[in-house]
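As structure tokens, the structure follows; a few thoughts come after it.
These numbers come from the heavy atoms of this one structure, side chains and all, not from hydrogens, waters or symmetry mates. Along the sequence shown, the residues carry numbers beginning at 1.
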Amino acid sequence: MSKLGTIGARLYRGEVGYDFIGKRKIWYGLSILITIVAIVGLGVRGLNMGIEFSGGAVFTTPNTSVSASEAQHKAESAAGGHQAVVQKLGGGALRIQISGLDTKQSVPVQEELAKDLNVPVKDVNTQLVGPSWGEQIANKAWLGLGIFMVLVVLYLAVAFEWRMAVAALIALIHDLTITVGIYALVGFEVTPGTVIGLLTILGYSLYDTVVVFDSLKEASKDITKQTRFTYGEIANRSINGTLVRSINTTVVALLPVAGLLFVGGGVLGAGMLNDISLALFVGLAAGAYSSIFIATPLVADLKEREPQMKALAKRVKAKRAAAAAKGEGQEDAQDGAADAEDDDGTAVVGPRRQPASRNRGRGRPSGKRR
């Protein structure tokens with residue numbers, strides 16, 4: 001078995017682990033900081049809305065030796081100061097999109113571009129996009145997002161419980177905010193492909209969260225019938241038990257997306273891939289983070305406020321204090337509690353280690369009669 005597989009098996013059995021729940025205030029603080037930066041970037045710089053949302057004209061030129069930066073300067077000059085986005089296409093062709101142009105304005109701009117780029121006017125293809133079409137796309141995107149959120153909350157509330165539904169919803173909003181903020185800070189164009197990428201990462205983030213929730217639901221069954229672990233400790237075991245799986249699925253998902261973003265968009269210059277690949281890359285990473293550091297700790301916080309969970313925590317603390325007074329370690333106390341519960345026929349929550357010797361302190365029969 002590989003080293004990573006061995007670690008994963010030990011995490012699953014509870015032999016090793018990291019205290020994610022105990023350090024949840026650190027993760028909350030880090031998430032709040034990242035969210036504030038994203039919101040500030042969104043408020044200061046705003047989103048670079050694509051022509052599909054703002055309306056304008058798209059000019060496609062034939063092969064030309066003019067660079068993209070030079071073509072952008074010429075296009076903005078020809079359009080009277082309107083912002084232009086230029087992408088280099090295969091074979092040396094250029095795709096120039098200028099926001100805010102109508103049919104009447106596009107004709108002189110087409111002629112001026114042909115003159116500046118030294119190409120025939122008839123070879124410059126022009127496509128007009130009205131702002132009403134972009135508004136319809138935006139409204140449908142918001143509608144789809146709203147329906148998705150409602151269905152997610154309903155499903156999790158029925159399949160698990162309302163606390164998990166609330167935690168998952170907060171994690172999804174967290175992922176969306178960070179992704180949109182990164183778009184504002186980087187300045188990438190927001191297109192319909194970006195919307196598709198956002199909806200895709202929400203599904204992935206939800207999948208990763210449900211995996212942990214399912215493990216937590218199974219491990220916390222009949223939790224109040226034992227005194228070995230608190231709810232927070234069970235939640236921490238669930239995170240550790242699915243940690244390697246979450247890392248593996250995230251890395252496998254990020255590799256092809258990174259190829260789209262850094263190789264396709266950066267090295268090969270296929271800028272049209274950036275709109276969807278950045279959303280996927282940031283969203284997948286944020287989704288994996290939120291399922292471990294946000295969603296499950298939030299569930300633990302909400303559950304530990306329940307009276308029965310507070311009572312359980314007191315019983316666990318009292319039993320451990322009694323064991324410590326007798327000179328036993330925490331592990332021995334937990335094993336002793338587990339033995340007592342086994343004798344009473346009560347279910348034991350989560351994996352446990354067996355005591356080093358079940359016959360400790362007992363003499364072996366000699367076989368002789370006195």
Side-chain angles (χ1 to χ4, degrees), residues 20-21 24 27-28 30-32 34-35 38 140-183 192-220 234-258 260-261 275-303:
F20 293 99
I21 303 299
R24 55 182 176 265
W27 318 133
Y28 293 164
L30 180 61
S31 295
I32 292 173
I34 296 174
T35 303
K140 290 180 180 179
W142 283 113
L143 178 61
L145 180 62
I147 293 174
F148 176 84
M149 292 292 193
V150 171
L151 292 178
V152 164
V153 172
L154 292 177
Y155 169 76
L156 290 179
V158 173
F160 298 97
E161 60 173 303
W162 69 266
R163 296 168 188 81
M164 291 185 176
V166 170
L169 182 61
I170 294 175
L172 290 177
I173 296 174
H174 166 273
D175 300 341
L176 273 178
T177 305
I178 291 178
T179 306
V180 173
I182 293 295
Y183 260 86
T194 306
V195 177
I196 295 173
L198 289 174
L199 294 176
T200 302
I201 63 172
L202 290 180
Y204 180 88
S205 175
L206 181 63
Y207 164 79
D208 220 19
T209 302
V210 167
V211 168
V212 184
F213 283 179
D214 186 64
S215 175
L216 176 56
K217 178 183 178 181
E218 182 66 25
S220 60
I234 293 296
N236 197 64
R237 282 172 170 256
S238 299
I239 296 176
N240 281 280
T242 58
L243 182 62
V244 173
R245 176 178 178 176
S246 298
I247 293 175
N248 287 338
T249 54
T250 301
V251 170
V252 170
L254 282 177
L255 286 177
V257 176
L260 283 176
L261 179 61
D275 54 359
I276 187 172
S277 58
L278 181 64
L280 290 174
F281 187 84
V282 176
L284 290 175
Y289 170 85
S290 65
S291 65
I292 297 173
F293 298 97
I294 302 298
T296 310
L298 279 175
V299 173
D301 269 337
L302 294 173
K303 287 290 290 185

Check: T250 and D208 side chains under 4.5 Å, non-hydrogen atoms: yes

Can you tell me how far NZ of K303 sits from CG of L216, rounded to the nearest 0.5 angstrom? 8.5 Å

I'd like to check L298 versus V166 (side-chain heavy atoms, cut-off strictly below 4.5 Å). Are they in contact? no

Note, L30 side chain near Y289 side chain (heavy atom, < 4.5 Å): yes

S246 vs I292 side-chain heavy atoms within contact, under 4.5 Å: yes

Please name the pair of heavy atoms, one in A157 and one in A165, separated by the smallest distance, quoted to 0.1 Å. N-CB, 3.8 Å

Closest approach of T35 and T177, non-hydrogen atoms and distance? CG2-CG2, 3.7 Å

So do the side chains of L206 and L202 get within less than 4.5 Å of each other, counting heavy atoms only? no

Quick one: side-chain hydrogen bond (donor to acceptor under 3.5 Å, both in side chains) pairs with a partner in residues 142-155, sequence neighbours left out? none

Among all residues two or more places apart in sequence or in another chain, which pass the ring pair (Phe, Tyr, Trp, His ring centres under 6.0 Å) test with F281? F262

Looking at side-chain heavy atoms only, is the closest gap between D214 and F160 below 4.5 Å? yes

Drop me the distance from D175's CG to I170's CD1, to the nearest 0.5 angstrom. 12.0 Å

Could you tell me which non-hydrogen atom of I178 sits nearest to which non-hydrogen atom of A38, and how far apart they are? CA-CB, 4.2 Å

Do you know which two heavy atoms are closest between L156 and V210, and how far apart they sit? CD2-CG2, 3.8 Å

Between S290 and A286, is there a donor-acceptor pair closer than 3.5 Å when you use the side chain of the first and the backbone of the second? yes

Do the non-hydrogen side-chain atoms of N248 and V244 ever get within less than 4.5 Å of each other? yes

Mind checking whether V195 and L145 have side chains closer than 4.5 Å, heavy atoms only? no

Taking all non-hydrogen atoms of both residues into account, name the closest pair between R163 and V299 and its distance. O-CG2, 4.1 Å

